[in-house]
Amino acid sequence: NNFSFLVYYRALIFPLLIREGKPTPFFTFVLALLFCVYNGYLQGRSLSNYAKYPSGWLKDPRFITGFTGWLIGMAINIHSDHILRNLRKPGETGYKIPRGGMFEYVSGANFFGEILEWFGFALACCTIESLAFALCTLFILGSRAKQHHQ
């Protein structure tokens with residue numbers, strides 16, 4: 001499903017595309033891994049065992065709007081990651097301001113895309129668990145976006 005694709009993209013494809021980066025502390029890695037595993041379990045369990053949708057749910061404006069938001073957010077996120085990965089030429093160091101795509105409108109376009117993505121997911125699913133994840137994403141990535149902007 002779409003949720004699985006993004007998890008695979010973030011966990012397997014995206015790390016392979018990064019040229020060089022700062023090392024991640026092991027404790028931070030473990031906390032992120034635990035959060036992702038628990039959240040994946042929570043989302044999967046809530047959607048497969050508890051969520052009940054009417055037969056016409058895929059034509060409901062909430063689902064269509066949410067799915068569209070999720071898709072646009074994912075496209076912004078992937079495109080913004082591409083821009084960030086290609087900011088510096090090999091061997092270059094120092095800070096560079098990203099240009100193009102949504103970076104022309106917001107300084108943290110990658111964060112904006114991911115936040116939009118998960119609020120779209122929450123609207124499409126209409127579960128308390130998906131809303132909780134969207135809010136966690138907003139608070140965590142919102143604070144990171146503010147730090148990056150400064």
Side-chain angles (χ1 to χ4, degrees), residues 1-19 21-87 97-150:
N1 69 21
N2 294 330
F3 185 76
S4 296
F5 168 75
L6 191 68
V7 171
Y8 291 130
Y9 170 78
R10 273 288 178 211
L12 302 174
I13 298 169
F14 179 74
L16 296 174
L17 296 173
I18 298 173
R19 290 183 193 152
K22 299 175 195 169
T24 301
F26 184 72
F27 184 69
T28 302
F29 165 78
V30 170
L31 287 178
L33 178 67
L34 290 174
F35 175 82
C36 289
V37 167
Y38 180 72
N39 180 59
Y41 170 78
L42 185 67
Q43 298 303 323
R45 185 154 174 94
S46 74
L47 290 172
S48 63
N49 291 3
Y50 302 110
K52 304 288 183 219
Y53 300 104
S55 62
W57 181 247
L58 298 181
K59 295 178 183 174
D60 188 284
R62 291 169 294 179
F63 177 81
I64 293 168
T65 303
F67 180 77
T68 302
W70 176 85
L71 197 60
I72 291 169
M74 183 173 70
I76 291 170
N77 191 4
I78 291 172
H79 185 250
S80 299
D81 285 344
H82 172 76
I83 290 171
L84 289 172
R85 279 193 315 273
N86 293 294
L87 270 179
I97 296 174
R99 297 281 183 223
M102 283 299 294
F103 284 108
E104 297 301 318
Y105 305 99
V106 293
S107 60
N110 52 328
F111 300 125
F112 170 76
E114 193 155 345
I115 291 167
L116 175 61
E117 195 173 339
W118 296 119
F119 271 94
F121 177 78
L123 183 59
C125 295
C126 284
T127 64
I128 194 72
E129 294 84 1
S130 61
L131 177 61
F133 180 51
L135 290 171
C136 284
T137 301
L138 173 65
F139 296 135
I140 292 167
L141 294 185
S143 67
R144 288 185 63 199
K146 184 178 176 188
Q147 289 172 339
H148 282 251
H149 181 77
Q150 291 171 340

Student: Quick one: pull up CG in Leu138 and CG in Leu116 and give me the separation to the nearest 0.5 Å.
Tutor: 11.5 Å
Student: For Phe67 and Phe63, take the angle between the two ring planes, folded into 0 to 90°, and tell me which bin it lands in: parallel under 30, tilted 30 to 60, perpendicular over 60.
Tutor: parallel
Student: Can you name the closest pair of heavy atoms from Gln43 and Phe133 and give their distance?
Tutor: NE2-CB, 3.4 Å
Student: Any chance the side chains of Asn110 and Glu114 put a donor and an acceptor closer than 3.5 Å?
Tutor: no
Student: What distance do Met102 atom CE and Phe112 atom CZ have between them, rounded to the nearest 0.5 Å?
Tutor: 4.5 Å
Student: Could you grab the distance from atom CD of Glu129 to atom OH of Tyr41, nearest 0.5 Å is fine?
Tutor: 11.0 Å
Student: Nearest 0.5 angstrom please: Leu135 CG to Ile140 CD1, how far?
Tutor: 11.0 Å
Student: Using every non-hydrogen atom in the two residues, find where Asn77 and Glu117 come nearest and quote the distance to one decimal.
Tutor: ND2-OE1, 3.2 Å
Student: On a heavy-atom basis, which atom in Thr127 and which in Ala51 lie closest, and how many Å separate them?
Tutor: CG2-CB, 3.9 Å
Student: Mind checking the CG-CG spacing from Asn86 to Leu84? Nearest 0.5 Å is all I need.
Tutor: 9.5 Å
Student: With Phe139, which residues qualify under ring-ring contact (aromatic ring centres under 6.0 Å, His included), at least two apart?
Tutor: none
Student: Apply the side chain to side chain contact (heavy atoms under 4.5 Å, CB included) test between Val30 and each candidate in Leu33, Leu34, Thr28; give the one that qualifies.
Tutor: Leu34
Student: Within the distance-only criterion (no hydrogens, no angle test), does the side chain of Trp57 pair as donor or acceptor with the backbone N or O of Ala124 below 3.5 angstrom?
Tutor: yes
Student: For the backbone of Arg62 and the side chain of Thr65, can you confirm whether one donor and one acceptor N or O come within less than 3.5 Å of each other?
Tutor: no
Student: Which heavy atom of Pro98 sits nearest a heavy atom of Ile83, and at what distance?
Tutor: CB-CG2, 4.1 Å
Student: Quick one: closest heavy-atom pair of Ser80 and Ala109, and the distance?
Tutor: OG-CB, 3.3 Å
Student: Let me confirm one number: the CG-CH2 distance from Asn39 to Trp118, rounded to the nearest 0.5 Å.
Tutor: 8.0 Å
Student: Return yes when atom CD1 of Ile128 has more than 12 non-hydrogen atoms of other residues, nucleotides or ligands closer than 6.0 Å, and no otherwise.
Tutor: no
